[in-house]
Amino acid sequence: MVIEKKTVMLEDLEEGSVLNHCDIESTSERKLLSGIQFNHCSFLIDDFTKTEILDCSFTHCEFSNFNFHKAILYRDTFSVCKFMGTNFIQSTFKDTTFTDCLMTYANFSEAKCTGVRFENKQNE
């Protein structure tokens with residue numbers, strides 16, 4: 001399902017959804033994202049504490065000053081996203097790739113990282 005230029009609730013998203021230029025909102029404390037593509041999306045929430053993000057891709061999304069405390073991120077890709085001042089304290093990453101992302105002052109204290117790649121392809 002492709003969704004374009006709408007405001008959507010995170011809880012209503014289904015695996016396999018592709019979102020383009022959407023605003024993402026949530027009313028739930030506990031969040032689970034699985035198998036979703038986010039392209040040029042804006043998140044109207046900034047607290048992803050204990051969120052599970054599995055098999056998702058994010059392109060040109062803004063996460064500056066967001067809170068991913070104790071989040072779980074498995075097999076995700078982030079391309080040209082902003083994470084300035086983002087909190088990843090005690091998060092768990094596995095097979096996650098960050099490509100051409102701005103991560104100034106991002107905090108990975110006590111994060112567990114397995115198979116994580118930080119790539120810079122813009123200068124190649």
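One-based numbering along the sequence shown. Below, each value reflects all heavy atoms present in this structure, side chains not excepted, and no hydrogens, waters or symmetry copies.
Partners of D55 under the salt bridge (charged side-chain N to carboxylate O under 4.0 Å, His left out) rule, at least two apart in sequence or in another chain, are R75. With sequence neighbours excluded, no residue forms a side chain to side chain donor-acceptor pair (under 3.5 Å) with D76.
Judged purely by atom type and a 3.5 angstrom limit, S17 uses its side chain to pair as donor or acceptor with the backbone of E14. No donor-acceptor pair closer than 3.5 Å links the side chain of E52 to the backbone N or O of K31.
The minimum heavy-atom distance linking S26 with I45 is given by the pair CB-CD1, 3.5 Å. A pairwise comparison of heavy atoms in C61 and H40 identifies SG-N, 4.3 Å as the closest pair. The shortest heavy-atom contact between T86 and S64 is OG1-CA, 3.8 Å.
Distance CG/D95 to CZ/R117: 8.5 Å, rounded to 0.5 Å. To the nearest 0.5 Å, atom SG of residue C56 and atom CD of residue E15 are 8.5 Å apart. Expressed to the nearest 0.5 Å, how far NE2 of H60 lies from NZ of K82 amounts to 10.5 Å. Going from atom SG of C41 over to atom CD of E62 covers 13.0 Å, rounded to the nearest 0.5 Å. The line from SG of C22 to CD of E4 is 7.0 Å long, rounded to the nearest 0.5 Å. Between the CD1 atom in I36 and the CG atom in L13 there is a gap of 4.5 Å [rounded to 0.5 Å].
When side chains are defined from C-beta on, S79 does not count as touching F58, because their heavy atoms never get closer than 4.5 Å. When side chains are defined from C-beta on, V8 counts as touching L19, because their heavy atoms get closer than 4.5 Å. Side-chain contact between V18 and M1 is absent, with no heavy-atom pair separated by less than 4.5 Å. Between E119 and F98, the closest side-chain pair of non-hydrogen atoms is not below 4.5 Å. Side-chain contact between L32 and L54: present, with at least one pair of heavy atoms (C-beta onward) separated by less than 4.5 Å. No side-chain heavy atom of L73 sits under 4.5 Å from any side-chain heavy atom of T92. D100 places a side-chain heavy atom less than 4.5 Å from the side chain of N120. Between Y74 and K94, the closest side-chain pair of non-hydrogen atoms falls below 4.5 Å.
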**OP:** Evaluate the criterion side-chain contact (heavy atoms from CB on, under 4.5 Å) for residue pair E25 and F43; output intermediate values, then yes/no.
**Re:** CA-CA 6 Å; E25 182 63 86; F43 290 83; over 6 Å; no
Subject >> Derivation and outcome, side-chain contact (heavy atoms from CB on, under 4.5 Å), residues T96 and T77 >> reply: CA-CA 6 Å; T96 298; T77 59; over 6 Å; no
Subject >> CA sep, side-chain torsions, deciding dist, call: T27, M9, side-chain contact (heavy atoms from CB on, under 4.5 Å) >> reply: CA-CA 8 Å; T27 56; M9 295 301 290; 3.5 Å; yes
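Screening F83, F88, F38 for a ring-ring contact (aromatic ring centres under 6.0 Å, His included) with F78, the sole residue that qualifies is F83.
In this pair, F66 and F68 present their aromatic rings parallel. The plane angle is below 30°, not in the 30 to 60° band.
Following chains of ILVMFWY side-chain contacts shorter than 4.5 Å, one can reach F63 starting from V116, so the two form part of one hydrophobic cluster. Taking hydrophobic clusters as Ile, Leu, Val, Met, Phe, Trp and Tyr residues chained together by side-chain heavy-atom distances below 4.5 Å, I89 does not share a cluster with I53.
N20 and N39 form a side-chain donor-acceptor contact under 3.5 Å, judged by distance and modelled atom types alone. A donor-acceptor contact under 3.5 angstrom links the side chains of Q90 and H69, judged on distance only.
The environment of OH in Y105 is sparse: at most 12 heavy-atom neighbours from other residues, nucleotides or ligands sit within 6.0 Å.
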